[in-house]
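To keep things clear, I will list the structure first and then write my remarks on it.
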Amino acid sequence: MDYALIWAILVAVAVFAYVALDGFDLGVAMLFPWFKKEEDRDIMMNSVAPVWDGNETWLVLGGGGLLAVFPLAYSVLMPALYMPVIAMLLGLIFRGVAFEYRFKTRTNKHWWDLSFIIGSLVAALSQGIMLGAMLQGIKVVDRAYAGGWFDWLTWFTLFCGIAVVIGYMLLGATWLVMKAEGELQRRSYGLAFKFALGLVACIAFVSLYLPWRDSYIAERWFSFPASIWLWVLPVVLAVVTIGLLRSLKQRQQGRPYLWSLGLFLVSFLGFAISIFPYLVPRAITIWQAAAPDNSLKFLLVGAVFLLPIIFAYTGYTYWVFRGKVRADAGYHD
């Protein structure tokens with residue numbers, strides 16, 4: 001049994017679960033500048049308050065899983081990405097503090113609103129920069145990071161950071177479409193439509209730029225006829241995009257969020273296909289980075305019990321707090 005591959009899939013599932021779940025509450029925070037009324041902001045925060053901290057479980061699982069089962073990749077990626085990782089964690093801390101204090105304070109809500117916005121923006125931007133740094137490549141010599149302190153900072157990584165911010169705001173807007181009513185919901189439809197177009201444009205640019213820049217990715221996607229089956233993904237992306245835009249035009253409520261997740265899933269699969277079998281692109285493969293098989297088997301036993309519990313807890317939480325949200329009936333009331 002290929003335990004390294006199984007764990008690579010599990011870590012990928014944890015990372016995607018984090019993006020799908022924590023992405024919308026980061027997006028809701030970054031939408032605050034478009035909604036100035038305190039009542040609207042109360043509804044926005046109440047819509048994510050019951051679930052935001054549970055969503056971050058997947059970040060811990062993904063990061064902890066990478067350390068435990070792929071220690072070599074972790075030892076290379078962390079020095080390469082120290083600054084964006086630290087910035088992300090500080091942003092998440094600011095957001096968490098803002099959540100709690102904003103509900104308690106009566107005179108300084110605007111400061112906690114600002115903390116909520118900035119913390120979420122920094123976290124989202126940092127995650128996109130880390131993604132861009134992996135896609136552009138990380139310098140490795142003798143199984144150790146050999147680049148500089150600021151190798152992660154390029155125009156491409158910043159572009160990827162902005163793309164992730166746009167994507168998270170799309171998730172946030174479609175989440176509000178599902179959870180809000182009235183004027184807040186109506187404005188969220190319009191914002192979601194604009195962010196959807198922006199995200200698709202970013203995906204299209206990255207999809208064209210990377211094969212042009214990287215011969216390995218170009219060969220993976222354009223080595224006909226072997227790569228023909230991969231072109232199912234662009235077709236699926238087009239279908240999902242049309243479905244998302246139509247659902248927003250038709251003022252559907254739950255489907256826009258699901259279609260938005262579909263955009264992220266297709267992009268995530270494209271990213272995975274582009275770098276496979278590497279964990280550190282063009283430097284360290286899944287099997288080179290993996291811990292010994294005995295360790296992987298031992299950890300897999302724990303994961304078999306832990307993952308269903310996390311999925312059940314997450315599903316139950318969302319079920320309990322389903323439905324529309326009002327400003328006068330929130331999680332902290």
Side-chain angles (χ1 to χ4, degrees), residues 4-5 8-9 11-12 15-16 19 62 66 70 72-85 125-167 198-238 240-241 263-290:
L5 183 59
I9 294 171
V11 170
V15 171
F16 179 75
V19 170
L66 184 67
F70 298 111
L72 178 59
Y74 187 89
S75 70
V76 170
L77 291 173
M78 283 302 295
L81 303 173
Y82 269 142
M83 290 187 69
V85 168
L125 190 64
S126 299
Q127 290 171 20
I129 287 173
M130 288 187 278
L131 171 64
M134 290 188 65
L135 287 172
Q136 75 178 7
I138 292 173
K139 188 177 181 181
V140 178
V141 176
D142 294 331
R143 295 161 61 93
Y145 177 59
W149 187 248
F150 290 100
D151 281 13
W152 54 270
L153 184 58
T154 66
W155 73 266
F156 179 71
T157 61
L158 290 175
F159 177 85
C160 290
I162 294 170
V164 168
V165 168
I166 292 172
L199 179 60
V200 171
C202 291
I203 294 171
F205 174 80
V206 172
S207 300
L208 294 173
Y209 173 75
L210 284 177
W212 173 77
R213 180 184 180 274
D214 192 314
S215 59
Y216 178 87
I217 295 177
E219 183 179 357
R220 172 63 54 87
W221 286 93
F222 298 104
S223 57
F224 298 107
S227 65
I228 289 179
W229 67 275
L230 295 179
W231 283 80
V232 172
L233 275 185
V235 174
V236 173
L237 180 65
V240 171
T241 301
L263 277 183
F264 273 83
L265 179 59
V266 173
S267 303
F268 191 80
L269 291 174
F271 166 72
I273 290 170
S274 296
I275 69 170
F276 185 82
Y278 293 98
L279 270 182
V280 181
R282 257 66 76 221
I284 299 173
T285 67
I286 292 169
W287 297 276
Q288 290 171 333

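By convention here, the first residue in the shown sequence is residue 1. All of these numbers come straight from a predicted model, not from anything done at the bench.
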OG of Ser274 to CG of Leu135, rounded to nearest 0.5 Å, is 7.5 Å

Can Val164 and Leu125 be said to form a side-chain contact (heavy atoms from CB on, under 4.5 Å), step by step? CA-CA 7 Å; Val164 168; Leu125 190 64; over 6 Å; no

Can any side-chain N or O of Glu219 pair as donor or acceptor with the backbone N or O of Tyr216 at less than 3.5 Å? no

Taking atom CD of Gln127 and atom CG of Leu81, what is their separation to the nearest 0.5 Å? 12.0 Å

In chain order, what residues pass the side chain to side chain contact (heavy atoms under 4.5 Å, CB included) check against Ile273, with sequence neighbours excluded? Arg220, Trp221, Leu230, Leu233

Who pairs with Trp149 by side chain to side chain contact (heavy atoms under 4.5 Å, CB included), at least two apart in sequence or on another chain? Tyr82, Met83

Mind checking what makes side chain to side chain donor-acceptor pair (under 3.5 Å) contact with Trp287, not counting sequence neighbours? Asp2

Search all heavy atoms of Ile138 against all heavy atoms of Ala80 and return the closest pair with its distance. CG2-CB, 3.9 Å

d(Ile217 CD1, Ile275 CD1) to nearest 0.5 Å is 8.5 Å

Hey, could you give me the CG/CD1 distance between Leu199 and Ile162, rounded to the nearest 0.5 Å? 13.0 Å

Pro211 versus Ala218, closest heavy-atom pair with distance: O-CB, 3.2 Å

By salt bridge (Lys or Arg N to Asp or Glu O under 4.0 Å), Asp151 pairs with (sequence neighbours left out) none

What verdict does the side-chain contact (heavy atoms from CB on, under 4.5 Å) test give for Phe268 and Val15, after you've listed the backbone C-alpha separation in whole Å, the side-chain angles of each residue and the deciding distance to 0.1 Å? CA-CA 10 Å; Phe268 191 80; Val15 171; 4.1 Å; yes

Ring center gap for Tyr209 and Trp155 short of 6.0 angstrom: yes

With heavy-atom distances below 4.5 Å as the criterion, would you say the side chains of Phe276 and Leu5 are in contact? yes

Met130 side, atom CE; Leu77 side, atom CG - distance, nearest 0.5 Å: 10.5 Å

Flag for Gln136-Thr157: side-chain donor and acceptor within less than 3.5 Å: no

Does the side-chain contact (heavy atoms from CB on, under 4.5 Å) test come out yes or no for Ile286 and Phe70, once each step is laid out? CA-CA 8 Å; Ile286 292 169; Phe70 298 111; 3.6 Å; yes

Begin from the C-alpha positions of Phe159 and Val206 and carry the test side-chain contact (heavy atoms from CB on, under 4.5 Å) through to its verdict. CA-CA 9 Å; Phe159 177 85; Val206 172; 3.6 Å; yes

Quick one: salt bridge (Lys or Arg N to Asp or Glu O under 4.0 Å) partners of Arg282, sequence neighbours excluded? Asp214

Which pairs, with at least one residue in residues 72-81 and sequence neighbours excluded, count as a side-chain hydrogen bond (donor to acceptor under 3.5 Å, both in side chains)? none

Could you state the interatomic distance from CG (Leu263) to OG1 (Thr241), rounded to the nearest 0.5 Å? 4.5 Å

Heavy-atom side-chain contact between Phe156 and Leu210 under 4.5 Å: yes

